[in-house]
Amino acid sequence: MTISQEKLDAQALETLRQYFGYEDFRPGQGALIHAILEGRDVLGVMPTGSGKSLCYQIPSLLLHGLTIVISPLISLMKDQVDGANEIGIPAAFINGSQSIDEQEDVFAAANSGRVRLLYVAPERLETQRFVNFATHADIALVAVDEAHCVSQWGQDFRSSYLGIGDFIDALPDRPTLAAFTATATERVRRDIIQMLRLRDPEVVVTGFDRTNLYFDVLKLGTRDKANWIARYVAGHADESGIIYCATRKQTEELADTINALVPQLRAASGAGTTPPSSPIAVAYHAGLPPAQRERAQRDFVTDAVPLVVATNAFGMGIDKSNVRYVIHHNMPESIEAYYQEAGRAGRDGEPSRCTLLWNESDIVTRRRLLDNGGANERLTEDEQEQVRRWKRHLLDAMVGYCRTTACLHRYMTRYFGEDGDASSGAHCVGGCVNCDSTFSTTDVSRIARTISRCVHDLGQTYGSGKIVAVLRGSQAKDVLERGLDHAPTFGALADVPQSTVRDVLNQMVSDGFLTITEGRLPIVMFGARAAETIDPAFHYEMKSITRPKPASSPCPSIPAVE
Ligand code: ADP
């Protein structure tokens with residue numbers, strides 16, 4: 001290291017202490033800041049809450065020239081700018097809500113050095129006014145927040161991110177480029193480097209094992225999920241939590257259920273009631289009017305309501321450190337999405353719990369959504385098929401997380417390609433339900449084979465309800481009226497509980513032995529692996545888990561939930 005580099009590192013540390021009041025850098029921060037100050041492009045892959053913003057805020061104070069931050073959410077910019085100004089970093093943003101005069105004022109302040117950190121949304125880079133400004137400005141650094149949005153292989157692809165590379169190339173002096181993301185697999189990382197045209201970047205990947213998080217996975221029937229959640233919330237009334245749902249409608253329904261049920265549960269247990277004027281849960285999704293969304297977010301962040309029930313629209317950039325639990329009402333579409341959402345628990349480092357509720361029909365729904373997903377006009381048919389295949393691969397990894405009996409921490413860190421050393425010891429750091437449980441596997445080969453035969457008997461023309469009814473020998477009127485009692489497999493699984501037949505059928509769908517067609521009356525048909533079930537050597541298993549005894553509920557008469 002040369003003298004001047006050492007001096008820059010010392011200045012960076014001094015800035016950290018002076019402006020932020022922290023003693024030391026967290027893992028990754030020092031290396032990233034060092035590279036940026038040297039004029040090297042960087043890619044920082046660090047979990048949510050690990051301190052990515054500081055990696056461009058500190059250089060913005062030390063570099064000669066302006067730092068532009070490209071950030072996807074206009075709604076967050078004001079908070080980010082306020083936060084920076086509060087600690088003494090002169091920051092501003094440019095967005096469409098400002099008048100032309102206001103924008104010109106900001107440009108003038110940036111040109112004169114009165115603003116050192118300028119936040120913009122990627123769409124802004126395409127406007128002539130901004131391009132004019134940027135062409136004449138002295139830009140030292142462009143930081144791209146949530147850089148995975150540039151990748152078609154990730155969850156949150158934004159076509160406006162594709163313009164960033166051209167924007168940079170069109171500048172008379174190429175600034176240093178710093179890309180940051182919380183979640184990126186190897187494939188997405190490569191894509192970020194290529195699409196943003198990073199030059200020989202310093203890539204830093206840190207700390208994906210969140211050791212203060214307890215990971216829990218629980219298979220529950222759709223109808224049981226709301227009750228389970230209400231009991232959990234009632235038992236953790238003093239804690240802050242986020243519940244993620246798959247649809248907007250679910251968020252509103254579940255928030256209503258919680259607000260109705262939790263006071264009853266608590267009153268019944270003598271644990272006290274919440275005054276009716278203050279709801280326990282608020283719903284949050286992109287379809288709500290902006291004022292209502294902002295209020296929900298504010299109430300949650302300020303602890304006025306303990307719980308937000310949200311779609312994945314909630315959370316990007318929300319800085320609330322004391323979230324004690326995150327519950328997923330449905331299985332997300334990828335480990336990235338899950339990790340990012342679950343990772344909003346415990347940002348203060350205190351023990352927190354991440355629970356994923358799932359069932360086979362979640363998987364079936366996800367697969368169906370994926371196969372019938374909207375087309376992206378920028379891509380050819382071939383490319384769309386490639387993207388679909390990749391997304392199937394992401395989904396398979398998520399399904400694997402639900403089904404694995406291995407340590408959930410290790411599953412995560414391996415997925416993110418982080419060196420497994422930190423969590424490869426004998427015990428699971430932070431804890432997870434798999435390390436605390438015992439598992440047994442049941443051989444369900446006969447059941448699976450019989451289900452497959454029944455689908456054949458019925459000519460691949462009936463839904464799962466009829467198939468289960470026939471297999472169990474139901475005397476229901478419509479089974480008899482259609483003559484289904486003459487099917488060779490009628491009553492063949494009368495000795496097996498209905499719920500087991502249903503579970504095995506659903507698992508066969510999610511494993512590709514069967515498929516369910518799209519439409520008003522979904523029909524069970526053979527899937528790509530159907531032929532395997534007639535192989536005499538066919539062997540099929542279902543796992544069952546004996547979970548640890550739940551810790552006793554803080555409210556003794558509220559049934560503790562596992
Ligand atoms: P990210 O963008 O990675 O989600 P933030 O930049 O919002 O994370 O930082 C999360 C929190 O961590 C903030 O409250 C920030 O002030 C704090 N933080 C960042 N760096 C440090 C550090 N070196 N020491 C202590 N706290 C830090």
Side-chain angles (χ1 to χ4, degrees), residues 9-34 36-37 42-62 67 69-73 75-89 91 93 117 119 141 143-149 156 178-184 189 192 203-213 240 242 297 301-303 312 314-323 326 336-350 352 354 416 418:
D9 284 350
Q11 274 180 350
L13 199 59
E14 179 53 34
T15 311
L16 175 77
R17 291 174 183 160
Q18 187 188 334
Y19 283 81
F20 294 85
Y22 301 133
E23 265 315 293
D24 280 307
F25 285 121
R26 285 187 179 158
Q29 288 178 328
L32 286 164
I33 293 171
H34 177 91
I36 293 172
L37 294 179
V42 302
L43 169 58
V45 186
M46 296 154 81
T48 304
S50 58
K52 289 184 287 298
S53 19
L54 205 136
C55 299
Y56 54 79
Q57 287 173 338
I58 288 186
S60 79
L61 290 163
L62 296 176
T67 294
V69 184
I70 299 170
S71 168
L73 294 181
S75 61
L76 294 181
M77 271 178 209
K78 190 170 177 317
D79 289 348
Q80 287 168 320
V81 167
D82 288 349
N85 281 321
E86 224 163 82
I87 57 172
I89 305 175
F93 60 82
L117 195 55
Y119 286 82
L141 173 66
V144 184
D145 214 359
E146 313 286 355
H148 60 281
C149 293
D156 307 311
F180 298 94
T181 178
T183 54
R189 261 175 241 167
I192 292 174
V203 180
V204 175
V205 184
T206 66
F208 275 92
D209 199 6
R210 297 274 308 277
T211 55
N212 61 320
L213 300 185
S240 193
I242 305 174
Q297 184 172 325
V301 170
T302 58
D303 289 324
N312 61 2
F314 182 78
M316 214 192 237
I318 285 179
D319 191 6
K320 180 168 173 61
S321 62
N322 65 340
V323 175
V326 172
E336 270 108 328
Y338 182 63
Y339 184 87
Q340 185 143 32
E341 289 160 13
R344 299 199 169 107
R347 288 175 61 161
D348 54 7
E350 294 295 318
S352 307
C354 307
F416 287 113
E418 199 188 357

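What you see is a predicted model; the values in this text were computed from it and never measured. Just so you know, ligand 1 is whichever comes first in the structure, and atom 1 is the first atom listed for that ligand.
- Counting only heavy atoms of the protein, atom 12 (O) of ligand 1 lies nearest to R26 NH1, 3.1 Å.
- Checked by atom type and distance alone, the side chain of R344 pairs as donor or acceptor with a backbone atom of G315 at under 3.5 Å.
- I89 CD1 to Y56 OH: the interatomic distance, rounded to the nearest 0.5 Å, is 9.5 Å.
- From T67, atom OG1 reaches atom CG of L62 across 9.5 Å, with rounding to the nearest 0.5 Å.
- Regarding atom 14 (O) of ligand 1, its nearest protein heavy-atom neighbour is D319 OD2, 3.8 Å.
- Nearest-heavy-atom check against atom 15 (C) of ligand 1 across F20, Y22, F180 picks out Y22.
- Protein heavy atom in closest approach to atom 10 (C) of ligand 1: G49 O, 3.5 Å.
- Residue contacts with ligand 1: R347 is included, with a non-hydrogen atom under 4.0 Å away.
- Scanning the protein for heavy atoms near atom 8 (O) of ligand 1, the closest one is G51 N, 3.1 Å.
- In this structure, M46 falls outside the shell of residues with a heavy atom less than 4.0 angstrom from ligand 1.
- Here is the list of ligand 1 atoms found below 4.0 Å of a heavy atom in S53: 2 (O), 5 (P), 6 (O), 7 (O).
- Rounded to the nearest 0.5 angstrom, R26 CZ and K52 NZ are separated by 10.5 Å.
- Checked by atom type and distance alone, the side chain of R210 pairs as donor or acceptor with a backbone atom of G343 at under 3.5 Å.
- Close approach of ligand 1 to L54 (heavy-atom distance below 4.0 Å) involves ligand atoms 19 (C), 20 (N).
- Checking only distances, F25 never comes within under 3.5 Å of ligand 1, N or O to N or O.
- Remark: F25 engages no residue in a ring pair (Phe, Tyr, Trp, His ring centres under 6.0 Å) (not counting sequence neighbours).
- To the nearest 0.5 Å, the span separating CG on L37 from CG on L32 amounts to 11.0 Å.
- A distance-only check finds a donor-acceptor pair linking the side chain of S352 to the backbone of E350 [under 3.5 Å].
- In this structure, Q80 CD and K78 NZ are separated by 12.0 Å, a value rounded to the nearest 0.5 Å.
- Residue-ligand proximity: D145 is placed with every non-hydrogen atom at 4.0 Å or more from ligand 1.
- Counting only heavy atoms of the protein, atom 20 (N) of ligand 1 lies nearest to Q29 NE2, 2.9 Å.
- Annotation: atom 3 (O) of ligand 1 to nearest protein heavy atom, K52 NZ, 2.8 Å.
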